[in-house]
Amino acid sequence: MGTEDLRARLEYYRDLGVKDLYRRSTRVPVVDAVQVPEPLLKPVEAISVPRAVPISTIEIPKVIDIQLPGMAPENDTLDRICSDIGDCTRCKLHIGRNKIVFGSGDPAARLVFVGEGPGADEDEQGLPFVGRAGQLLTQMIEGTSAKEGISIKRADVYICNVVKCRPPENRNPEPDEMETCGQFLFRQLSVLQPKAICALGSTAAKALLGGKDGVTKLRGKWHKWRDIPLIVTYHPSYLLRAYNQDAKREAWEDLKKVLHFVYD
Ligand code: URA
């Protein structure tokens, strides 16, 4: 890829909200990532694409060994994104993965929930939020809407995650994994164009809003991802911990707020 092509790509990724692109070790040749031995896949440095700086002034390394995913096509679709993800090996999460968890629900959904990344059950089934946290999420969506006189089921919304492969030991996704996979999340949201987004937990909030603030600080008010209204609430896994009674009440309030906004 030539320098000018790379500059154009950087501009495109910055517009998508991507802040860093990770370079692999300079020992890695530009070849199909499948053939690259695992230890060499660790990101060693990043090219930052800061908002305020013109792309033309960003220094592009002479030896370009970045493997960039393709740009979003003009008439992007969920199927296209899924096939672009393919049998992904773009980050180290692929190593322990069983199934890629793309997302599920109504492609015409007016409300999208974004979680962190698959757990063991999701990795096994290839579907998001099907374990204990998922059962709670279903209960929250269906229970709250029923109480509020809004007739929606889980199947009426769309649910996906920041990263599509299970992080080992359910650790938090690392920045390079979030950046790499976040590009697909952004494409999903751009295609879905929901009326609102609900970010579940601080990883989703960070991926969509940037910044370092946690849920306590971000919840209770409206934010925006591009022009789409976004609310942040606690991750259902956090709510499963018995001592989080206040957080549970607050999560129900957040959910009521977003459900009424979308469906009233
Ligand atoms: N936690 C998540 O963040 N996502 C899932 O899909 C399941 C559990």
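We count ligands from 1, going down the list as the structure has it; atoms in each ligand are counted the same way.
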Checklist line | Charged tip of Lys195 within 45° of Phe261 ring normal and under 6.0 Å | finding: yes
Check: Using the benzene-type ring in the case of Trp, are the ring centres of Phe113 and His235 under 6.0 Å apart?
Finding: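 Centroid distance Phe113-His235: not below 6.0 Å, so no.
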For [X], counting its heavy atoms only, list the atoms of ligand 1 lying under 4.0 Å from any of them.
X: Glu116; answer: 2 (C), 3 (O)
X: His235; answer: 1 (N), 2 (C), 3 (O)
X: Gly115; answer: 3 (O)
X: Pro128; answer: 6 (O)

Should the pair [X]-[Y] be classified as a salt bridge under the 4.0 Å nitrogen-to-oxygen rule?
X: Arg97; Y: Asp87; result: yes
X: Glu253; Y: Lys257; result: no
X: Asp176; Y: Lys92; result: yes
X: Arg90; Y: Glu177; result: no
X: Arg187; Y: Asp76; result: yes

Notebook entry, point to check: Is any N or O atom of Phe129, backbone or side chain, closer than 3.5 Å to an N or O atom of ligand 1?
Noted result: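 Among all N and O atoms of Phe129, at least one is under 3.5 Å from an N or O of ligand 1.
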Margin query: So for ligand 1, is Ser237 a polar contact partner (N or O within less than 3.5 Å, distance only)?
Written below: no
Margin query: Any atom of ligand 1 sitting under 4.0 Å from a heavy atom of Gly117?
Written below: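 Contact check Gly117 vs ligand 1: positive.
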Notebook entry, point to check: In the protein, which heavy atom is nearest to atom 4 (N) of ligand 1, and how far is it?
Noted result: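 Residue, atom and distance for the closest contact: Asn161 OD1, 2.8 Å.
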Check: What part of Glu122, side chain from CB on, backbone N/CA/C/O, both or neither, has a heavy atom under 4.0 Å from ligand 1?
Finding: side chain
